[in-house]
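To find a chain, count down the sequence lines: A is the first, B the second, and so on, and within it residues start at 1. From a predicted model like this one, the values you see are computed outputs, not experimental measurements.
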Number of protein chains: 2
Amino acid sequence: MSTSASSSPQAGSRPGGRSARVRAAVHRAVQELVADETSEPLTIPVVAARAGVHATTVYRRWGTVGELLADVATSRFSGDIVVPDTGSLRGDLERYASSLAKDLGDPDTLALVRATLGSGGEQGAAACRGERRQQIEAILERERCRGGEPPTPEQTTDALIAPLYYRAVFTDEPLSPEWTRGLVSHLLGD
Amino acid sequence: MSTSASSSPQAGSRPGGRSARVRAAVHRAVQELVADETSEPLTIPVVAARAGVHATTVYRRWGTVGELLADVATSRFSGDIVVPDTGSLRGDLERYASSLAKDLGDPDTLALVRATLGSGGEQGAAACRGERRQQIEAILERERCRGGEPPTPEQTTDALIAPLYYRAVFTDEPLSPEWTRGLVSHLLGD
DNA sequence: CCAGTATCGCACTGATCGCTGCCTTTTTGG
DNA sequence: CCAAAAAGGCAGCGATCAGTGCGATACTGG
């Protein structure tokens, strides 16, 4: 080969150096492979080849497919949803649930969740959970500051997060906006 | 080897022949391997070795690990819960939810669910779902025959099945009886 | 500009995987 | 009881995987 040698102009000390680029490429490769759901066995060499890096690098930085998936899921679900502030508890919950439904409704995301659960163990489950708990608590806390009496985080998780995740992961029914709003209505007592 | 040769008295045309015995051994091996969660990679040869059969047999009967897991999960969740009949909707739902909580609370079962989701795809998800929908509908239908006005199957799934599955699969919080009863109470309007 | 260090590419190796003919053994059906 | 069919055991094939020294390259602070 011996392409145009080095000369890559601005590869220097800025953030986004080689290490970060490799990380991004590997993450993207994992998501693509998981989404494809073809016969690709999702092994380290396959991921590395698709990412354009060497398997050695992946072995050394992540070790196993499970840890790699957990890392990808953590990145994927970190900051994926901004906690809304619409001025009312119902508005906040509806917008939050809608965002989550849109997130989990994406087949690629769903495939990532399933794969991470499968080989990521408890750590993988935590990665898929993301920051749902803190986000819910932030919404409820804001309502409490408004003087309202919101439901507990536990109730909210059971009434919103759980149905969204269950329907996405275990069933093939769509996460329609009407159904999602209905969850909020039922939680807040119609 | 050459143990007591053939002579196995009743190995004939009754159900429970060799084929069924192989099936049971393979299923047991899968559950053990999934439960162990050690470094065993859960491949066909490993399963076959633990089951005491040859990998060829497993390849020919199931093909892939995903299909095998889906089959095991189907068996595991088929008939695992008998729809109760306590005379009241609340009693039926509480007993049903309690049974499901006990089921999903078992770490080995949980590991099977996660693994099946991971490599079983949509079929694996359906296997883990089991007959929940029909069971719920049976309970609600019975209440309707009593003259009551039960919630819809959708509401019941969202309020009972989903939180149980979500908490079991995605969190490490226990599925306590009090919490489970609380789900029923919230569904039936306190 | 230059040493020091972390990261990555490369060339391997032993082990395992997925899979396939071929034959033996069991089960089925008349 | 006996042939046909189904299922399992056996040996072995190419391909891939997980993992390891070693050298080269890119980032770091001075």
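Taking only side-chain nitrogens and oxygens, B:T64 never comes nearer than 4.0 Å to OP1 or OP2 of C:dG18. Side-chain N/O atoms of A:R61 include one lying less than 4.0 angstrom from OP1 or OP2 on C:dC8. Listed pair A:S19 / D:dA26 fails the phosphate criterion, with no side-chain N or O lying under 4.0 Å from OP1 or OP2. Here A:Y59 does not reach the OP1 or OP2 of D:dG19: none of its side-chain N or O atoms lies under 4.0 Å away.
Taking atom NE2 on A:H54 and atom P on D:dC17, their separation rounds to 15 Å, with Å as the unit. In this entry the distance linking CH2 of B:W62 with P of D:dA7 reads 11 Å, nearest Å. Going from atom CD1 of B:I44 over to atom P of D:dC17 covers 17 Å, rounded to whole Å. Atom pair A:E40:CD and C:dC17:C1' shows a separation of 15 Å (rounding to whole Å applied).
B:S98 contributes no side-chain N or O that, together with a main-chain N or O of B:E94, makes up a donor-acceptor pair within less than 3.5 Å.
In summary, of the residues considered (B:R142, B:E143, B:R144), a side-chain contact (heavy atoms from CB on, under 4.5 Å) with B:L89 occurs for B:E143 alone.
Using a 30° and 60° split on the angle between ring planes, B:Y165 and A:Y166 fall in the tilted class, from 30° to 60°.
Electrostatic pairing of A:R28 and A:D108 does not count as a salt bridge here, judged by no charged N lying under 4.0 Å from a carboxylate O. The pair B:E122-A:R114 counts as a salt bridge, with a side-chain nitrogen and a carboxylate oxygen less than 4.0 angstrom apart.
Taking the centre and axis of the six-membered ring of A:W179, the NZ or CZ atom of A:R167 falls inside the cone set by 45° and 6.0 Å.
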I'd like a list of close polar pairs between nucleotides 2-6 of chain D and the protein, N/O only, cut-off under 3.5 Å.
none

Report, one pair per line, the protein and nucleotides 13-16 of chain D atoms (nitrogen or oxygen only) whose separation is under 3.5 Å.
none

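Under 3.5 Å, the side chain of B:R21 and the base of D:dG8 form no donor-acceptor pair of N or O atoms. In this model, a side-chain donor or acceptor of B:R60 finds a partner on the base of D:dG9 within 3.5 Å.
Using modelled atom types and a 3.5 Å distance limit, the side chains of B:T109 and B:R76 yield a donor-acceptor pair.
The side chain of A:T56 sits closest to C:dA11 out of C:dC8, C:dA11, D:dG9. Listed nucleotides: C:dG9, D:dG9, D:dA18. Nearest to the side chain of B:V53: D:dG9.
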Would you list the atom pairs, donor with acceptor, under 3.5 Å between side chains in residues 46-61 of chain B and any protein atom, with sequence neighbours excluded?
{"residue": "B:R50", "atom": "NH1", "partner": "B:E32", "partner atom": "OE1", "Å": "2.7"}
{"residue": "B:R61", "atom": "NH1", "partner": "B:S19", "partner atom": "O", "Å": "3.2"}
{"residue": "B:R61", "atom": "NH1", "partner": "B:S19", "partner atom": "OG", "Å": "3.0"}

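Between A:A159 and A:L187 the shortest heavy-atom distance is CB-CD1, 3.7 Å.
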